[in-house]
Every structure is written in C-alpha cells, then in structure tokens.
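Worksheet: the structure to be examined is printed underneath.
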Amino acid sequence: MNDGIAWDPLRRELDRWQAAGRVARFWLRDDDAVEPTQALETLMALTGESEVPLTLAVIPGLTGEALAARLVEEAAVAVAVHGWSHTNYAGPQGKKQELGGERPAEAVLGQLGEGLRLLQRLHPARFLPVLVPPWNRIDAALIPALPGLGFAALSVYGRAKQGGPMPLLNTHVDIIDWHGTRGGRSAGDLVAELVAELRHRFAGSDEPVGVLTHHLVHDTAARDFLSALFAATARHPAVRWSPASELLGP
C-alpha cells in the first residue's frame with residue numbers, strides 16, 4: 001500500500017475529531033531500557049524533534065548509573081518500573097511472565113519494592129511510580145499489594161477495564177511484529193488499529209491511546225512508522241501527546 005494512502009484513514013479520523021472540537025490524548029511507552037545505546041539515542045532524537053513525551057520502562061535489576069547520567073537532562077523522558085530483571089519464570093508451556101504465581105508472592109513483591117526504590121533513587125526528577133510488568137502480564141493476586149509498595153498505577157496492554165484494584169495506564173497499539181519479522185509492523189495495519197482506538201474513544205471512552213515501542217528491536221520499518229506517526233499527529237489540533245505524569249492525575 002502506498003504510504004500516503006496508508007495514512008489517509010488516520011488523517012480523516014483526526015479531522016473528524018477536529019470538526020467536533022475534540023482532542024484525543026496519546027501517550028508513548030517504550031520497554032526494556034537498561035543502558036544508553038544508539039537505538040535509544042535514535043528514539044529520543046525522534047521524540048525530541050517531535051516534542052512527544054516518552055516514558056521508558058526501565059528494568060531495575062539490569063540498569064545503573066550510566067542510564068541515569070544520560071537521562072538527567074532529558075526533561076521530556078519519564079522512567080517507570082519494568083518488573084525486576086525481566087526473567088521468565090513460567091514453565092515451557094506457559095506464556096512468558098516474571099510476575100506470575102510460580103514464586104512466593106513475598107519474593108515477587110520484595111523485588112518490585114526494591115526496583116521502585118532503586119529507580120526512584122537513580123532518576124529522582126523523572127521517576128513515575130508506575131509498574132510495567134514484563135510481557136504485560138501479572139498475577140491478579142499481586143495487584144492489591146502494589147499501592148502499599150508505592151505504586152500509583154499499573155500499565156499493561158489492552159483497553160482498561162473499570163473497577164480494578166488500582167488505576168491502569170495501558171498501551172493499545174504495539175508497533176512490533178513479535179510473531180513474524182520481530183521488526184516494525186506494516187503502516188496500514190497499525191493505522192487501522194489507531195483508527196479503531198480513536199473511534200472507541202469518540203464513542204465515549206476517555207482512556208488515552210497508548211503506543212508501545214521497544215527501541216532495542218526497532219528496524220527501518222519501525223523507525224519510519226514512528227516518524228510518520230509523529231508527523232501526522234504531533235502538531236495536529238485534535239491530538240495531544242501527553243506525559244504519563246499528567247495522565248496519572250493528582
């Protein structure tokens with residue numbers, strides 16, 4: 001599909017929002033940050049040029065002072081807690097997860113509390129008390145204990161269900177083809193998903209649209225998609241790319 005044609009549905013949907021005097025909220029979450037890399041530099045350059053706030057889900061057990069030093073001047077970058085070490089404890093037939101029921105809850109929660117405190121110390125000016133479970137999975141029995149550890153919200157994947165034990169700040173459109181090329185998905189498919197999410201919001205949902213990226217596996221297709229997405233949305237009057245801190249509320 002011609003790139004220009006691929007983006008037409010999103011432009012038409014945003015124009016509909018503009019005609020109605022409405023503004024759609026977007027936010028950007030990038031997972032698996034550990035240390036400064038060229039891939040991270042490329043992503044931050046792109047978000048910086050487009051003035052798109054970026055939330056990095058940082059793996060506490062694998063990170064340290066190098067990333068903290070690199071981010072100290074990045075005012076538009078926030079840091080969330082990405083589990084502890086991104087270790088898969090599920091069995092060979094189970095879906096990958098670090099925060100499942102395979103280990104005692106005290107051990108899992110102890111690591112999460114340690115991870116929160118570590119990232120809060122390393123990134124005091126940009127830390128967010130948001131838990132991003134590796135693989136977007138967490139045992140439901142653990143969630144009620146998260147506020148007691150200091151977490152203000154949970155961020156997984158999919159439309160948020162109301163009435164849970166803590167606030168959700170989810171992502172909804174993953175740009176990576178994990179079951180195929182493990183690179184960027186087609187612009188046409190991603191645009192269709194974005195339009196579907198926007199139509200759901202237009203019909204009444206106030207949930208921000210979360211775009212999910214993984215800088216360490218971005219290829220040309222992924223980078224080109226983000227560049228085109230930001231060009232189509234970052235300065236559109238019907239779109240606001242919001243920092244996660246703003247979406248968490250008071």
Side-chain angles (χ1 to χ4, degrees), residues 27-34 39 55-63 79-116 119 128-149 151-186 189-190 192-194 196-197 200 207-219 221-222 225 244:
W27 79 290
L28 180 64
R29 194 188 96 200
D30 181 88
D31 287 2
D32 299 347
V34 171
T55 297
L56 291 177
V58 177
I59 304 172
L62 303 180
T63 195
V79 167
V81 183
H82 199 26
W84 169 249
S85 63
H86 214 299
T87 300
N88 175 28
Y89 292 98
Q93 304 304 317
K95 292 184 176 180
K96 291 180 178 181
Q97 60 178 350
E98 180 176 51
L99 310 181
E102 298 82 9
R103 297 183 293 154
E106 312 83 71
V108 178
L109 294 170
Q111 287 185 334
L112 291 178
E114 184 178 351
L116 181 146
L119 294 186
L128 289 175
V130 173
L131 175 62
V132 179
W135 297 286
N136 289 295
R137 300 186 183 107
I138 183 171
D139 188 331
L142 297 172
I143 298 176
L146 297 179
L149 297 177
F151 289 103
L154 179 67
S155 181
V156 288
Y157 190 80
R159 293 175 186 170
K161 295 179 175 62
Q162 301 300 316
M166 72 182 307
L168 293 174
L169 180 58
N170 285 0
T171 56
H172 311 90
V173 177
D174 187 343
I175 75 167
I176 299 299
D177 178 11
W178 292 108
H179 301 293
T181 66
R182 296 186 69 83
R185 296 170 58 204
S186 77
D189 290 346
L190 290 168
E193 290 184 12
L194 286 168
E197 294 298 331
H200 179 67
E207 186 178 5
V209 178
V211 176
L212 176 58
T213 65
H214 287 74
H215 66 276
L216 291 174
V217 298
H218 285 184
D219 57 3
F225 173 79

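Throughout, residue positions are numbered sequentially from 1 according to the sequence presented. Small disclaimer: the values here were computed from a predicted structure and weren't measured.
Looking at Asp177, its side chain never comes within 3.5 Å of a backbone N or O of Arg182 through a donor-acceptor pair. Under a 3.5 Å cut-off, the side chain of His214 and the backbone N or O of Asp31 do not form any donor-acceptor pair. In this structure, the side chain of Trp84 does not engage the main chain of Gly113 through any donor-acceptor pair within 3.5 Å. Formation of a donor-acceptor pair under 3.5 Å by the Tyr157 side chain with backbone atoms of Asp174 is found in this model. Looking only at distances, a side-chain donor or acceptor of Thr171 sits under 3.5 Å from a matching main-chain atom of Val156.
For the pair Ala145 and Leu109, the tightest heavy-atom approach, listed with the atom from each and the gap, is CB-CD1, 3.7 Å. For Val81 against Gly115, the heavy-atom pair with the smallest separation is CG1-C, 4.3 Å. Asn170 approaches Gly158 most closely through the heavy-atom pair ND2-O, 2.8 Å. Scanning all heavy atoms of the two residues, the minimum distance from Pro144 to Pro147 falls at O-CD, 3.4 Å. Residues Val132 and His82 come closest through the heavy atom pair O-ND1, 2.8 Å. Across all their heavy atoms, Tyr89 and Glu102 have their closest contact at O-CG, 3.3 Å.
Here CD1 of Ile176 is found 10.5 Å from CZ of Phe225. Values are rounded to the nearest 0.5 Å. We find the OG1-CG distance between Thr55 and Leu28 to be 7.5 Å, quoted to the nearest 0.5 Å. The OG1 atom of Thr213 sits 3.5 Å away from atom CG of Asp30, with the distance rounded to the nearest 0.5 Å. For the atom pair CD of Glu114 and CG of Leu119, the computed distance is 10.5 Å after rounding to the nearest 0.5 Å. Rounded to the nearest 0.5 angstrom, Leu142 CG and Glu106 CD are separated by 10.0 Å. Between atom CZ of residue Arg29 and atom CG of residue Leu128 there is a gap of 12.5 Å, rounded to the nearest 0.5 Å.
Taking 4.5 Å as the limit, some side-chain heavy atom of Pro133 sits within range of a side-chain heavy atom of Leu154. The shortest side-chain heavy-atom distance between Val211 and Leu194 falls under the 4.5 Å cut-off. At a threshold of 4.5 Å between non-hydrogen side-chain atoms, the residues Ile138 and Leu131 count as touching. You'll find the side chain of Glu98 reaches within 4.5 Å of the side chain of Arg103, heavy atoms only. Between Pro60 and Leu112, the closest side-chain pair of non-hydrogen atoms is not below 4.5 Å. Side-chain atoms of Ile59 and Asp32, non-hydrogen and from C-beta on, do get closer than 4.5 Å to each other.
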**Request:** Given side chain to side chain contact (heavy atoms under 4.5 Å, CB included), test Gln97 with Asp139 step by step and report yes or no.
**Result:** CA-CA 9 Å; Gln97 60 178 350; Asp139 188 331; 5.7 Å; no
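Tested against His172, the residues His200, Glu197, Glu207 include a single side chain to side chain donor-acceptor pair (under 3.5 Å) partner, Glu207.
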